[in-house]
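In what follows, chains are A, B, ... by sequence order, proteins preceding strands, each numbered from 1.
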Number of protein chains: 2
Amino acid sequence: MVTNGQTWVRGDLFDPNCATRVILDRIGDKWTALVVLRLKDGPRRFTELRDGIGQVAPKVLTQTLRRLERDGLVTREIFAEVPPRVVYALTPMGESLIEPITAVSNWAEEHVPAITRAQEKYDASA
Amino acid sequence: MVTNGQTWVRGDLFDPNCATRVILDRIGDKWTALVVLRLKDGPRRFTELRDGIGQVAPKVLTQTLRRLERDGLVTREIFAEVPPRVVYALTPMGESLIEPITAVSNWAEEHVPAITRAQEKYDASA
DNA sequence: CCGAATCCAAGGCGATACTG
DNA sequence: CAGTATCGCCTTGGATTCGG
């Protein structure tokens, strides 16, 4: 599907050099999904995000936001005021990510009880 | 939604102690999604999985499969033959995970070009 | 063939202190 | 307020070897 000088083949998710997989790994990191879900309800300031998501070190939150910005999923708007104000928001592409993330999130939530039971059963027989 | 002695609250994905988030982190690891997608087409032997997914160290593949088994998402069937044969397959719950994973995977694949462009643009202005 | 054991590397992640 | 600068842990992943 993409040929950027490397060799990216459509659908070959199992190739380590596949761009899709790189993106997948990114989405799967610890905070990206949470940030996107947080921004679902509208633009948020840095502090709002930091406080709204379980304790994140500012460095890590910045990393996450920068990557999202670089990927074109989030915009970063700076207001030159005192004190400074920076507002993050989802781009249209970022918003399109809400649906699949929510799907996974809902799946997880629905299956927590069953998984917990499976784990207890497994641990008991070990 | 779940109270196991801790304090798990329904929908509070932003609480670090939330079971849903723990599961989410698990699904988001490097190989879990790939294994599930591989097993989508039917049961597979250990070697088939190892060869079918970009190079995975056997230790890591075993870890991934054991976690999936423990979570009740995959079954592990051993045939006492020579040479030994072990077959992994999705449980019904495991199969239910295909849909949300596929959703994310499809999203990634669809947006690879746009993301790549966004990255190049971002890097250029930096 | 399956996977356990061991050792090792990388880097994501976190806590803290400090600055424009 | 919104980060950056440091430092270090510690988990995850990887390479290899060996055993049942």
Side-chain angles (χ1 to χ4, degrees), chain A residues 13-18 21-35 38-39 43-71 74-89 122 126, chain B residues 14-18 21-36 38-39 43-71 74-89 122 126:
Chain A
L13 195 56
F14 299 97
D15 180 342
N17 290 337
C18 173
R21 194 155 121 190
V22 174
I23 294 172
L24 229 45
D25 286 344
R26 172 116 332 146
I27 296 174
D29 74 3
K30 193 167 184 180
W31 302 107
T32 295
L34 278 324
V35 169
R38 214 22 131 179
L39 289 176
R44 290 284 179 273
R45 303 178 58 172
F46 186 87
T47 309
E48 291 177 313
L49 289 171
R50 192 196 54 196
D51 296 341
I53 303 175
Q55 291 314 326
V56 200
K59 190 195 72 172
V60 178
L61 181 57
T62 298
Q63 281 177 353
T64 304
L65 287 167
R66 284 289 191 287
R67 280 196 292 244
L68 284 167
E69 189 193 358
R70 178 169 182 265
D71 291 345
V74 157
T75 58
R76 177 170 176 266
E77 196 175 2
I78 309 169
F79 296 89
E81 307 169 355
V82 178
R85 188 160 57 100
V86 178
V87 174
Y88 294 91
Y122 182 93
Chain B
F14 299 98
D15 180 343
N17 290 337
C18 173
R21 194 156 119 188
V22 174
I23 294 173
L24 228 47
D25 287 344
R26 172 115 330 147
I27 295 174
D29 75 2
K30 193 166 185 181
W31 301 107
T32 295
L34 278 323
V35 169
V36 171
R38 211 27 129 176
L39 290 176
R44 290 284 179 272
R45 303 179 57 172
F46 186 87
T47 309
E48 290 177 316
L49 289 171
R50 192 196 53 197
D51 297 341
I53 303 175
Q55 290 315 324
V56 199
K59 189 196 73 173
V60 178
L61 181 56
T62 298
Q63 280 178 355
T64 304
L65 288 167
R66 284 290 190 285
R67 282 196 291 245
L68 285 167
E69 189 193 358
R70 178 169 182 264
D71 291 345
V74 156
T75 57
R76 177 170 176 266
E77 196 174 3
I78 310 168
F79 295 88
E81 307 170 353
V82 178
R85 188 160 56 98
V86 179
V87 174
Y88 295 90
Y122 182 95

(request) Please round to the nearest 0.5 Å and tell me the distance separating atom OG1 of Thr64(B) and atom OH of Tyr88(B). (result) 10.5 Å

(request) With rounding to the nearest 0.5 Å, note down the distance linking CG in Leu65(A) to OG1 in Thr32(A). (result) 9.0 Å

(request) Starting at the 5' end of nucleotides 4-17 of chain C, put B wherever the base has a protein heavy atom under 4.0 Å, S where only the sugar-phosphate does, and a dash everywhere else. (result) SBBB-----BBB--

(request) Could you tell me the separation between the CG atom of Leu49(A) and the CZ atom of Phe14(B), rounded to the nearest 0.5 Å? (result) 9.5 Å

(request) Report the distance from atom CZ of Arg21(A) to atom NZ of Lys30(B), rounding to the nearest 0.5 Å. (result) 6.5 Å

(request) To the nearest Å, give me how far apart CG (Asp51(B)) and C1' (dC1(C)) are. (result) 11 Å

(message) Base, sugar-phosphate or nothing for Arg45(A)? Non-hydrogen atoms, less than 4.0 Å.
(response) sugar-phosphate

(message) Assess the residue pair Leu61(B) and Val35(B) against the criterion (side-chain contact (heavy atoms from CB on, under 4.5 Å)); give the C-alpha distance rounded to whole Å, side-chain angles, the decisive distance to 0.1 Å, and a yes or no.
(response) CA-CA 9 Å; Leu61(B) 181 56; Val35(B) 169; 4.0 Å; yes

(request) For Tyr88(A), answer base if it contacts any base atom (sugar-phosphate contacts may also be present), sugar-phosphate if it contacts only those atoms, and nothing otherwise; contact means non-hydrogen atoms under 4.0 Å. (result) sugar-phosphate

(request) State the CZ-CH2 distance between Arg67(B) and Trp31(B), to the nearest 0.5 angstrom. (result) 12.5 Å

(message) Within this structure, what is the CZ-CZ distance for the pair Phe79(B) and Arg45(B), rounded to the nearest 0.5 Å?
(response) 9.5 Å

(message) Quick check on Gln55(A): does its CD atom have over 12 non-hydrogen neighbours (other residues, nucleotides or ligands) under 6.0 Å away?
(response) no

(request) Go through DNA chain D in 5' to 3' direction and return only the first and the last nucleotide with some atom under 4.0 Å of chain B's heavy atoms. (result) dG13(D) to dG20(D)

